Amino acid sequence: MIKPSLAKGTRDFGPLEMKKRKFIFSTIENIFKLHGFECIETPAMENITTLTGKYGEEGDKLLFKILDSGDYWGNAEKSLLPNDIIDSHKLTPLIASKGLKYDLTVPFARFVSMHRNSITFPFKRYQMQPVWRADRPQKGRYREFWQCDADCIGSKDMSNEAELIVIFDSVFRALGIQSHQIHLNNRKILEGISTLLFPHVSFITFTTILDKYDKIGWEGISKEFGENGIGELELKGLSKFLVQEPLTEDLLNDWKAHLQSNPLAFMGLQEIEEVFNLIKTTKSCTQVVFDGTLARGLSYYTGCIFEVKIKESGLGSVAAGGRYDNLTEIFGLKDVSGVGISFGADRIFDYLENQNLYPKNIVESTKVLVCALDPESMPFAFELGMELRNNKIETVLYPGITKLKKQLDFANANQYKLVVLMGENERKENLYTLKNMETGTQTKANLQELIQSIQLS
RNA sequence: GUGAUUGUAGCUCAGUUGGUUAGAGCGCCGGUUUGUGGUACCGGAGGUCGCGGGUUCGAGCCCCGUCCUUCACCCCA
């Protein structure tokens with residue numbers, strides 16, 4: 001006997017949990033569809049060359065690799081392996097040519113590049129699938145989790161960004177959440193500031209340190225910048241950019257003054273202004289925070305970047321996204337800019353579980369249980385089941401004849417509110433007994449009356 | 001990948017300085033009730049104490065390893 005167990009960082013979902021998850025997925029999907037995004041799917045596994053080098057050094061380490069089939073060691077190009085050095089990192093490329101996808105954006109870029117001739121640009125697609133990361137699990141972090149992505153590729157227009165912000169807001173509101181904040185920044189601003197203030201520090205180093213501001217504060221990041229050779233004087237210039245404030249006209253004007261002398265940063269700010277002008281009359285705008293410290297780790301972003309946080313959740317970001325100008329270029333498709341967002345379904349699920357924010361009707365069962373009380377009644381019960389289903393009533397026929405107590409226990413355990421009894425008495429009278437499990441009342445009815453009272457309750 | 005942390009019945013947890021046959025509550029199954037549940041009463045089943053090694057006359061308890069859980073770092077949804 002093997003002790004049943006789950007692989008690290010994965011989880012099972014029972015019927016009740018699945019109802020809640022489906023509620024999340026369908027809420028997101030409906031809003032994606034409402035905005036005209038088309039659904040696609042890509043495989044769980046990709047060629048490893050598709051995946052590596054897209055997520056930065058850390059990302060590559062977190063890729064799940066799939067061992068080649070057959071005699072993978074015999075077929076391996078061992079000449080590429082340094083003699084008697086056993087280094088797993090050098091070994092894996094020789095024996096693993098596929099990997100599980102790490103996100104939905106890179107496979108999408110591959111998809112777009114491959115199918116460029118049959119795609120009409122701008123192309124809006126959504127995708128809701130699991131992704132895998134070989135991370136150490138912790139709070140809000142799993143090795144398998146679902147992302148729900150919407151991207152628009154082949155358009156540089158800022159209305160895409162504006163629409164995606166509205167989608168962020170619509171989804172969280174539809175899920176019954178109000179305390180979400182949509183953080184917004186632009187990589188061009190960061191790049192401009194970085195080259196202006198810290199020309200001797202790489203942009204990647206700059207963003208990774210800056211991104212930690214939320215967690216470790218001013219002291220923490222000034223210490224880390226210090227370790228990278230940045231003095232206190234230079235740091236002072238940075239401090240005025242570390243704001244997290246509601247996005248307003250005044251704020252933008254303020255920043256324009258700061259960034260006037262910096263063409264790249266100024267361009268980034270103009271993009272944000274364009275987005276602001278489109279959303280400023282929507283209620284979504286009230287949830288938007290201009291966040292000068294938002295940087296995003298993924299290296300492919302080039303314009304606006306987003307991150308949605310629920311303050312009291314303790315979960316990090318529950319959704320994120322941004323614009324990428326060069327992602328399809330690696331797959332041979334140049335000058336196609338895209339922008340997209342991703343909802344972290346598992347973190348949203350955890351938050352809703354915690355807060356128990358689900359609408360009541362998604363957890364309640366609307367099913368009816370039909371109980372046959374003796375073998376002769378079974379054909380009648382079976383037929384009744386068919387009749388009820390023909391009338392769009394979700395019906396479960398209790399399989400077999402057992403004590404009524406057991407059948408009623410079954411109804412309680414599954415929270416069925418209505419039970420129909422079919423026994424000798426009912427056969428003789430040509431009626432059905434309808435029992436309400438909450439009130440305990442029982443009534444007799446013919447088929448038409450039965451269907452009616454079920455539909456009314 | 002680094003550093004902590006956890007594991008005893010289906011679930012939540014007790015278990016004394018190492019000492020006979022490892023307990024409770026809830027749940028589950030059966031009965032009180034052969035056509036009436038969610039309450040009550042009575043009875044019952046269920047454990048390789050995560051796994052492997054070690055110390056000991058003796059290990060659920062001590063030591064080592066390993067896996068899983070949870071958490072922080074790194075990074076991220």
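Convention: sequence-line order gives letters A, B, ...; per-chain numbering from 1. A quick note: this is a predicted structure, and the numbers were derived from the prediction, not measured.
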Peer 1: Kindly state which residues belonging to residues 129-147 of chain A come within less than 4.0 angstrom of RNA chain B, counting heavy atoms of the residue only, listed by number.
Peer 2: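 Only Arg133(A), Asp135(A), Arg136(A), Gln138(A), Lys139(A), Gly140(A), Arg141(A), Tyr142(A), Phe145(A), Gln147(A) qualify.
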Peer 1: Between Arg141(A) and Asp346(A), is there a side-chain N and carboxylate O pair less than 4.0 Å apart?
Peer 2: no
Peer 1: Give me the distance, rounded to whole Å, that separates G23(B) from G15(B) when you measure between the P atoms they each carry.
Peer 2: 15 Å
Peer 1: Students often get this wrong, so: under 4.0 angstrom with heavy atoms, is Gly316(A) touching a base, only sugar-phosphate, or nothing?
Peer 2: nothing
Peer 1: Quick check, are the ring centers of Phe343(A) and Phe172(A) under 6.0 angstrom apart?
Peer 2: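 For Phe343(A) and Phe172(A), the ring centres are under 6.0 Å apart.
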Peer 1: Quick test of your reading: applying salt bridge (charged side-chain N to carboxylate O under 4.0 Å, His left out), list the pairs with at least one residue in residues 293-314 of chain A, sequence neighbours left out, ordered by first then second residue.
Peer 2: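 For residues 293-314 of chain A: Asp214(A)-Lys309(A), Arg296(A)-Glu307(A), Glu307(A)-Lys309(A).
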Peer 1: For Phe306(A) and Phe168(A), take the angle between the two ring planes, folded into 0 to 90°, and tell me which bin it lands in: parallel under 30, tilted 30 to 60, perpendicular over 60.
Peer 2: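 Answer is perpendicular, since the angle exceeds 60°.
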Peer 1: Can you check the distance between U48(B) and G44(B), where both ends of the measurement are the C1' atom (answer in whole Å)?
Peer 2: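 That atom pair is separated by 23 Å.
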Peer 1: Can you tell me the distance, in whole Å, between the CG atom of Asp350(A) and the P atom of C71(B)?
Peer 2: 10 Å
Peer 1: Nearest nucleotide by nearest heavy atom, which residue falls closer to the 5' end of RNA chain B, Lys403(A) or Leu62(A)?
Peer 2: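 Its nearest nucleotide being more 5', the pick is Lys403(A).
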Peer 1: Which base, if any, makes a Watson-Crick or G-U wobble pair with G18(B), both distances under 3.5 Å?
Peer 2: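 Paired with G18(B), as far as the under-3.5 Å criterion goes, is no nucleotide at all.
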Peer 1: Quick one: look up who C29(B) pairs with, Watson-Crick or G-U, both distances under 3.5 Å, and put none if it's unpaired.
Peer 2: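 Base-paired to G43(B).
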Peer 1: How is Asp374(A) classified with respect to the nucleic acid when contacts are heavy atoms under 4.0 Å: base, sugar-phosphate, or nothing?
Peer 2: nothing
Peer 1: Atom pairs under 3.5 Å, N or O on each side, protein against nucleotides 36-44 of chain B: can you list them with distances?
Peer 2:
| unit_1 | atom_1 | unit_2 | atom_2 | d |
| --- | --- | --- | --- | --- |
| U36(B) | O2 | Lys435(A) | NZ | 2.7 |
| U36(B) | O2 | Gln442(A) | OE1 | 2.7 |
| U36(B) | N3 | Gln442(A) | OE1 | 2.4 |
| U36(B) | N3 | Gln442(A) | NE2 | 3.3 |
| U36(B) | O4 | Gln442(A) | NE2 | 3.1 |
| G37(B) | O2' | Asp409(A) | OD1 | 2.8 |
| G37(B) | O2' | Asn412(A) | ND2 | 2.9 |
| G37(B) | N1 | Met437(A) | O | 2.5 |
| G37(B) | N2 | Asn412(A) | OD1 | 2.7 |
| G37(B) | N2 | Met437(A) | O | 2.5 |
| G37(B) | N3 | Asn412(A) | OD1 | 3.4 |
| G37(B) | N3 | Asn412(A) | ND2 | 3.0 |
| G38(B) | N2 | Met437(A) | O | 3.2 |
| G38(B) | N2 | Glu438(A) | O | 3.1 |

Peer 1: Paired with G65(B): which nucleotide, if any, by Watson-Crick or G-U wobble criteria at under 3.5 Å for both distances?
Peer 2: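 Its partner is C51(B) (Watson-Crick or G-U wobble, both distances under 3.5 Å).
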Peer 1: Tell me which pairs pass side chain to side chain donor-acceptor pair (under 3.5 Å) where either residue lies in residues 22-34 of chain A, with sequence neighbours left out.
Peer 2: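 Non-adjacent pairs meeting side chain to side chain donor-acceptor pair (under 3.5 Å): Glu29(A)-Tyr126(A).
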Peer 1: Using the C1' atom on both, measure A77(B) against U66(B) and round to a whole Å.
Peer 2: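 It comes out at 31 Å once rounded to the nearest Å.
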Peer 1: Please work out which of the three classes, parallel, tilted or perpendicular, describes the rings of Phe349(A) and Phe13(A), given edges at 30° and 60°.
Peer 2: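 Rings of Phe13(A) and Phe349(A): perpendicular, over 60°.
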Peer 1: Which residue pairs satisfy the side chain to side chain donor-acceptor pair (under 3.5 Å) criterion with at least one member in residues 47-60 of chain A, sequence neighbours excluded?
Peer 2: Tyr55(A)-Asp103(A)
Peer 1: For the residue pair Thr208(A) / Asp211(A), report whether a side-chain donor-acceptor contact shorter than 3.5 Å exists.
Peer 2: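 No, because no side-chain N or O of Asp211(A) sits under 3.5 Å from a partner of the opposite role on Thr208(A).
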Peer 1: Please list residues of residues 5-20 of chain A whose heavy atoms come under 4.0 Å from any atom in RNA chain B, ordered by number; otherwise none.
Peer 2: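 When residues 5-20 of chain A is checked for heavy atoms under 4.0 Å from RNA chain B, the hits, listed by number, are Lys8(A), Gly9(A).
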Peer 1: Do Tyr432(A) and Phe380(A) have ring centres separated by under 6.0 Å?
Peer 2: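 No, the ring centres sit 6.0 Å or more apart.
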Peer 1: NA contact type, Lys212(A), heavy-atom cut-off 4.0 Å: base, sugar-phosphate, or nothing?
Peer 2: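 Sugar-phosphate, backbone atoms only, no base.
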